[in-house]
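A, B, ... follow the sequence lines: proteins, then strands. Residue 1 opens every chain.
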Number of protein chains: 2
Amino acid sequence: MPHDVSPRDERAAVDLSVPDEVACALCACGGIEGLTAQIPTDEDLERLSAEHRACADTCRLKILSLLRDQPLCVCVIKYVLGIPDSKLSYHLSVLKKAGMITGEQLGNWIIYSITETGIRYLEG
Amino acid sequence: MPHDVSPRDERAAVDLSVPDEVACALCACGGIEGLTAQIPTDEDLERLSAEHRACADTCRLKILSLLRDQPLCVCVIKYVLGIPDSKLSYHLSVLKKAGMITGEQLGNWIIYSITETGIRYLEG
DNA sequence: TAGCTATTTCAATACAATTTGAAATACCAT
DNA sequence: ATGGTATTTCAAATTGTATTGAAATAGCTA
């Protein structure tokens, strides 16, 4: 019993043989062109992927979870996580570049706060 | 004019000197122990970071955006993205392992669909 | 069975992110 | 100025991820 297939016909307007299910869906969404139009702009793709990449690390997620309820200075975060300064500083810079946190200098200290974006991404 | 500081007192129950702002916030959230309790479990951190990592790539975000409105077979995705089979297969496997998509065999084809998780993460 | 198509796997290479400790910067207090 | 503390920067070593093309698998049709 052969599967229904739409081979190289007008429906898909493209030289592809695909299962009927898929050919149907393709038609309904405007064919290959309609599909292509669903892809976000390069700019949006870059921003989105950079944001996800910033959250793609357990150490950075820990930092975000610590900042969720209140701003903290670097030394407290360091104390809680028990990691070297330079490592913490690196991860803070990644989070900051991606817009997940902001830092404000207060005398000798830098107080980091989570952003709306950071909260949103922390939820998962 | 010196900044107010809480050096090594009982408030933080820990040998850290921090700005008053931070000492206050620390107190309100149960000190270092309260803070520590805010950190998700290792299991949750692993899952969250793996999910974000899966979305930390523009090629994979393109795939998710194509699947957002309908399931598609590999060959259509390949046609739209214009990338080699093996590359596409690699990215599909990353998305699948992270629970962003599922694949169902239909005869010779494999039809991939986006999951609820995938939709949620695609939104950003 | 044999031949065809769709998709995945593999191993090698190329590329990117992370970790480390040491040195640098910046700010405050004396 | 000097000394001390908090934080960042740097370059080297390590680790992890992405890309490639060739070969393998799996299912269909004849």
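- With distances taken from any side-chain atom of B:Q105 to the nucleotides C:dT7, D:dT17, D:dG27, the minimum falls on D:dG27.
- Mapping A:R60 and A:S86 onto DNA chain C by nearest heavy atom places A:R60 at the nucleotide closer to the 5' end.
- Connection of A:L61 to A:V74 is established within a shared hydrophobic cluster, with ILVMFWY side chains joined at heavy-atom distances below 4.5 Å, either directly or through further cluster members.
- Residue B:H91 has no polar side-chain atom (N or O) positioned under 4.0 Å from OP1 or OP2 of D:dT17.
- Rounded to a whole Å, the CD1 atom of A:I110 is 7 Å from the P atom of D:dT7.
- One finds no side-chain N or O of A:Y90 lying less than 4.0 angstrom from the OP1 or OP2 phosphate oxygen of C:dG21.
- Distance B:E104 CD to C:dT8 C1': 18 Å, rounded to the nearest Å.
- Counting heavy atoms from C-beta on, the side chains of B:S17 and A:W109 come closer than 4.5 Å.
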Could you go through B:E43 and B:R47, starting from their C-alpha distance and side-chain angles, then the distance that decides it, and tell me whether this counts as salt bridge (charged side-chain N to carboxylate O under 4.0 Å, His left out)?
CA-CA 6 Å; B:E43 194 187 338; B:R47 182 186 42 79; over 6 Å; no
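- Side-chain atoms of B:C75 lie closest to C:dT7 of the nucleotides D:dA26, D:dA18, C:dT7.
- Of all nucleotides listed (C:dA6, D:dT20, C:dT9), D:dT20 comes nearest to the side chain of B:P84.
- Nucleic acid contact for B:C73: sugar-phosphate only, since backbone atoms but no base atoms lie under 4.0 Å from a heavy atom of the residue.
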